[in-house]
Amino acid sequence: MEHYRRLLPPDGILVAVSKTKPPELIRQAYDCGQRDFGENKVQELRAKHEVLPPGIRWHMIGHLQTNKVKYIAPFVWLIHSVDREKLLREIDRQAAKHGRVIPVLFQVKIAREETKFGLSEAEYRDLTEKYKAGRFPHVELRGLMGMASNTPDKTQVRGEFARLKALFDELRRELPRIDYLSMGMTGDYEEALAEGANIIRIGSGIFGARN
Ligand SMILES: *Cc1c(COP(=O)(O)O)cnc(C)c1O
């Protein structure tokens with residue numbers, strides 16, 4: 001983990017992606033000082049939150065079903081994967097219920113592949129306008145998240161990250177408290193950091209390969 005932390009900017013965050021890994025392994029990382037953990041399934045996130053120390057900052061990084069927001073709303077630290085308006089509306093509603101303001105990132109689709117989730121640039125602009133108009137008072141937009149194409153072509157990967165960075169810089173000029181750019185995983189964190197990421201999400205590089 002030290003390897004990744006050293007590469008981050010001073011206020012950057014290393015999210016240890018612990019999906020499919022047992023709580024004991026998370027506890028070991030916690031005992032080494034790691035506090036940010038990322039999961040992509042609500043059930044698993046909730047189960048781990050229940051048995052692990054309250055000092056952990058839980059990051060929801062996976063596709064989130066609207067009807068499951070209620071299970072993580074009381075405790076989630078940052079939702080990286082806001083990819084549609086309906087989801088943002090539900091997060092706002094559940095946050096209000098729990099007397100919270102939930103920090104979120106908008107996930108923008110930067111990969112060329114069809115399968116990746118994320119807002120198109122047009123959808124992103126539309127949702128940002130609605131956010132600026134005050135439509136989601138119990139949500140705080142803190143930045144952007146993206147996943148690059150799964151390709152060995154590093155030039156393409158850097159280009160995709162650079163596009164997200166440009167949107168991030170633009171957003172930063174328009175809104176206060178935009179400070180997180182979440183991009184980069186085990187296979188492409190170097191490109192992401194070179195393009196300005198300050199949150200990287202590392203799974204297999206920390207915990208080993210998943211089955
Ligand atoms: C699984 C996952 C990661 C981490 O992937 P690794 O390649 O194991 O580092 C990062 N981001 C998201 C959204 C993921 O689902």
Side-chain angles (χ1 to χ4, degrees), residues 1-8 12-23 25-26 28-29 32 34-49 56-65 68-69 72 76-84 87-88 91 103-120 124 142-154 156-158 160-161 163-165 167-168 180-211:
M1 284 177 300
E2 260 321 300
H3 163 75
Y4 297 104
R5 251 186 241 127
R6 271 203 311 271
L7 298 172
L8 279 164
I13 297 175
L14 169 64
V15 176
V17 177
S18 47
K19 61 191 186 193
T20 78
K21 302 295 178 184
L25 225 54
I26 300 175
Q28 277 178 25
C32 295
Q34 178 65 26
R35 290 296 178 269
D36 292 270
F37 292 90
E39 292 282 337
N40 68 341
K41 294 207 166 69
V42 166
Q43 251 85 321
E44 202 176 329
L45 177 51
R46 209 180 159 201
K48 288 172 176 172
H49 167 257
I56 289 180
R57 307 197 297 192
W58 291 104
H59 297 248
M60 177 62 196
I61 63 171
H63 186 67
L64 181 53
Q65 282 172 263
K68 294 193 174 156
V69 172
I72 60 169
V76 69
W77 193 76
L78 179 65
I79 299 176
H80 294 226
S81 44
V82 173
D83 60 1
R84 59 206 189 282
L87 175 59
L88 192 60
I91 296 170
V104 304
L105 308 179
F106 286 174
Q107 180 176 357
V108 180
K109 186 180 149 90
I110 51 172
R112 276 188 214 158
E113 293 129 64
E114 270 314 305
T115 52
K116 295 265 162 73
F117 293 110
L119 298 154
S120 69
Y124 159 71
R142 300 297 300 272
L144 302 179
M145 184 273 237
M147 293 170 84
S149 295
N150 184 13
T151 167
D153 182 349
K154 297 298 185 193
Q156 183 185 333
V157 167
R158 276 191 75 143
E160 292 172 358
F161 285 147
R163 213 189 116 215
L164 193 61
K165 175 64 156 66
L167 292 179
F168 175 74
Y180 295 133
L181 180 57
S182 168
M183 53 186 199
M185 340 201 295
T186 302
D188 57 16
Y189 69 91
E190 286 166 306
E191 289 74 26
L193 289 168
E195 296 300 337
N198 58 13
I199 297 185
I200 53 175
R201 309 176 309 271
I202 307 291
S204 44
I206 293 175
F207 295 109
R210 287 177 297 273
N211 300 326

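We number each residue from 1, following the sequence as shown. In each ligand, atom 1 is the first atom listed, and ligand 1 is the first ligand listed.
- The line from NZ of K165 to CE of M183 is 7.5 Å long, rounded to the nearest 0.5 Å.
- Between E160 and R163 there is no salt bridge, since no side-chain nitrogen of the basic residue lies less than 4.0 Å from a carboxylate oxygen of the acidic one.
- Taking any N or O of G203, backbone or side chain, at least one lies under 3.5 Å from an N or O belonging to ligand 1.
- In terms of protein heavy-atom proximity, atom 12 (C) of ligand 1 is nearest to I61 CD1, 3.5 Å.
- Protein heavy atom in closest approach to atom 11 (N) of ligand 1: R201 NE, 2.9 Å.
- Atom 14 (C) of ligand 1 has as its closest protein heavy atom K19 NZ, 3.0 Å.
- A salt bridge between R158 and E191 is absent, with no side-chain N of the basic residue lying under 4.0 Å from a carboxylate O of the acidic one.
- Scanning M145, H80, M185, Q107 for the heavy atom closest to atom 10 (C) of ligand 1 points to M185.
- In terms of polar-atom proximity, R210 is counted as a contact of ligand 1, with an N or O under 3.5 Å from an N or O of the ligand.
- Between F106 and Y124, the angle of the ring planes goes over 60°, which puts this pair in the perpendicular group of the 30/60° scheme.
- Of all heavy-atom pairs spanning S182 and L105, the tightest one is CB-CD1, 3.6 Å.
- Using a 4.0 Å cut-off to heavy atoms of I202, the atoms of ligand 1 that qualify are 9 (O).
- Taking atom 6 (P) of ligand 1 as the reference point, the nearest protein heavy-atom neighbour is T186 OG1, 3.4 Å.
- E39 has a carboxylate O that lies under 4.0 Å from a charged side-chain N of K48, or vice versa, which qualifies the two as a salt bridge.
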